[in-house]
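Per chain, numbering begins at 1; letters A, B, ... match sequence-line order.
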There are 2 protein chains.
Amino acid sequence: MSTHAAIAAHANRAVPGYLVSALAMTPTAGMGAAVQPRNPADPLASLGHSKVHERETTLFSEGDAAGSVFRVLSGMVRLYKMLPDGRRQIIGFLQAGDMMGLAFASQYLYTAETVTATTIQRIPRLELDALMDAQPAFARKLLSATTSELIAAQDQMVLLGRKSAAEKVATFLLRLSDRKGGERTIDLPMGRSDIADHLGLTTETVSRTLTKLKSTRLIRILVGGKLDLLDRDALADLAGGF
Amino acid sequence: MSTHAAIAAHANRAVPGYLVSALAMTPTAGMGAAVQPRNPADPLASLGHSKVHERETTLFSEGDAAGSVFRVLSGMVRLYKMLPDGRRQIIGFLQAGDMMGLAFASQYLYTAETVTATTIQRIPRLELDALMDAQPAFARKLLSATTSELIAAQDQMVLLGRKSAAEKVATFLLRLSDRKGGERTIDLPMGRSDIADHLGLTTETVSRTLTKLKSTRLIRILVGGKLDLLDRDALADLAGGF
DNA sequence: CGGCTGATTGATGACCGTCAATGAAGGTGG
DNA sequence: CCACCTTCATTGACGGTCATCAATCAGCCG
């Protein structure tokens, strides 16, 4: 059941799912690097077409018919699911190189919205299937990427199920830093409520926790949604193990 | 980042991961059905070898060198991750048909233990790789199964991040029932602390919540770790949307 | 029957959510 | 270019949910 329910379990679902998962075609992508449009080493480069979306735009919604796969070339996207009464859980934030829409069902399983202005490559499923047939190695790459997603999802379960507010925020900041190759200065383009809905907290608690980290000199909050990690070791202690 | 962190992010991890994911080779498996050892429609049937493990046995631990993939043929297994101070998050419970160890890294990412006496098929990675090469369709099946896992993991994030104790327990019970094809009577072979560590609660809260469900006639607790869902609709309301 | 493990129930309080007010920031129009 | 307005972040007061600590209670096995 739950996390490790088998296919059999999902066959009972009322709403067929269309997974939105992430895949990096650029394993060495550094800080804030955008995916290059015509990279010969990128098997996806010539597929579909790209478009720039403004900030706070919906790309697709939970339940929409799913015909395409998407890749983020630059910017940031949030994926979330909502409960009927409006409570929201942000599944993840996507950055350059991440993909969404890799499942095998007829509907999208959650909603995707841009956080910042974002360049998105839209690839029709048929084209992706053709590529998988033509290049078996590519199918493995997809499997490997999905697997990485799953690992990240499991870490997030530990965070949501067993960490305190302070541990959650510290972990989140360290993850952002890691994603940028361990940079001391990180971007926080999303709002407090996005962070809260990702960590299973409220905006007030996120704000209070950041204030506390600020007053204990572990971080410094800069203008323009940027943030400095002043004491990585102390933050790692606070995070209580990834 | 986090759930949708790309490969790039994971490349920074201190401990390489070895995913343990579930895969059902028997999409129509009914209630409590065990996987048949010599099913001709099962491409895995002839691989590796099977062994019965007693209840409460460790199959492998987080950090162990990973050389094999496992499939549960009968019984139940729990997968969990632990924080340094001992807090535990149970990632999922595996039943007949589920697989673990499908990732591409050198170490297991978490610990697997039997809950009940369990028959486990152990398949060396090399054999699985050979099968993937020989049967491209099998590789796709693996991808599809991993994808289903990811979907389940995302549902679990919603549960852990946004649901109340009552909603968590109700959801958990309904999932167990769904997994058995919607049976009214379900098995709870795991202890209260296992349930608690899966739902992000304590044993006391799980116990109190079950007592409340019992006194409001939504469930009935039977001997031998069994449980009756007396009012599925009311439970579904309580669950607050899957 | 006695001892052990796990479940239940109770009392208490901490953490964090809720409600509310203030403050800061960014965008638009005069 | 500044003033206004809207949106979001911050801070405060309070209360509820659930964790913690602790004491039975029930079931199981020798």
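Among residues two or more places apart in sequence or in another chain, the side-chain contact (heavy atoms from CB on, under 4.5 Å) test is passed with Asp85(A) by Leu83(A), Arg87(A).
Considering all non-hydrogen atoms of both residues, Ala239(A) and Leu174(A) come closest at CB-CD1, 4.0 Å.
The distance from atom CD of Gln89(A) to atom OH of Tyr110(A), rounded to the nearest 0.5 Å, is 12.0 Å. With rounding to the nearest 0.5 Å, the separation of CE in Met157(B) from NZ in Lys163(B) is 14.0 Å.
One atom, CZ of Arg55(A), and another, P of dG26(C), lie 11 Å apart when rounded to the nearest Å. Rounded to whole Å, atom P of dA7(C) lies 10 Å from atom CG of Leu188(B). Atom NZ of Lys163(A) and atom P of dC16(C) are 14 Å apart (whole Å). Between Arg162(A) atom CZ and dC15(C) atom C1' there is a gap of 15 Å when expressed in whole angstrom units. Residue Lys212(B) contributes atom NZ, which lies 13 Å from atom C1' of dG10(C) at whole-angstrom precision. Between Lys168(A) atom NZ and dG17(C) atom P there is a gap of 7 Å when expressed in whole angstrom units. What separates CG of Leu160(A) from C1' of dC18(D) is a distance of 17 Å, to the nearest Å.
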- Item | Arg232(A) vs Asp178(A), salt bridge (charged side-chain N to carboxylate O under 4.0 Å, His left out): CA-CA, chis, key distance, verdict | CA-CA 11 Å; Arg232(A) 249 176 158 283; Asp178(A) 276 9; 3.1 Å; yes
- Stepwise, does the salt bridge (charged side-chain N to carboxylate O under 4.0 Å, His left out) test hold for Arg175(B) with Asp155(B)? CA-CA 11 Å; Arg175(B) 282 183 190 165; Asp155(B) 284 344; 5.5 Å; no
- Any chance you could lay out the salt bridge (charged side-chain N to carboxylate O under 4.0 Å, His left out) test for Arg184(B) and Asp231(B), step after step, and finish with the verdict? CA-CA 9 Å; Arg184(B) 249 174 52 116; Asp231(B) 191 340; over 6 Å; no
Side chains of residues 210-222 of chain B: which donor-acceptor partners sit under 3.5 Å, not counting sequence neighbours?
residue: Thr211(B); atom: OG1; partner: Ser207(B); partner atom: O; Å: 2.9
residue: Ser215(B); atom: OG; partner: Thr211(B); partner atom: O; Å: 3.3
residue: Ser215(B); atom: OG; partner: Lys212(B); partner atom: O; Å: 3.0
residue: Thr216(B); atom: OG1; partner: Lys212(B); partner atom: O; Å: 2.9
residue: Thr216(B); atom: OG1; partner: Leu213(B); partner atom: O; Å: 3.2
residue: Arg220(B); atom: NH2; partner: Asp228(B); partner atom: OD2; Å: 3.0

Compile the donor-acceptor pairs under 3.5 Å between side chains in residues 50-62 of chain B and protein atoms, sequence neighbours left out, one pair per line.
residue: Glu56(B); atom: OE1; partner: Arg78(B); partner atom: NH2; Å: 2.6
residue: Thr57(B); atom: OG1; partner: Glu54(B); partner atom: O; Å: 2.7

- Query: Reading nucleotides 25-30 of chain D from the 5' end, what letters show protein touch, with B for base, S for backbone sugar-phosphate only, - for no heavy atom under 4.0 Å?
  - Reply: ------
- Report, as a single string ordered 5' to 3', how protein heavy atoms within less than 4.0 Å touch nucleotides 9-17 of chain D: B base, S sugar-phosphate only, - not at all. SBBBB----
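In this structure, Gly225(A) reaches neither bases nor backbone, as no heavy-atom distance under 4.0 Å exists between it and the strands shown.
For the 3.5 Å distance criterion, the side chains of Thr119(A) and Ser74(A) qualify, holding a donor opposite an acceptor.
At its two ends the helix from dC1(C)-dG30(D) to dG30(C)-dC1(D) runs along axes set 40° apart, each axis drawn from five pairs and the angle rounded to 10°.
For the pair Arg88(A) and Tyr80(A), the cation-pi criterion (under 6.0 Å, within 45° of the ring axis) is fulfilled.
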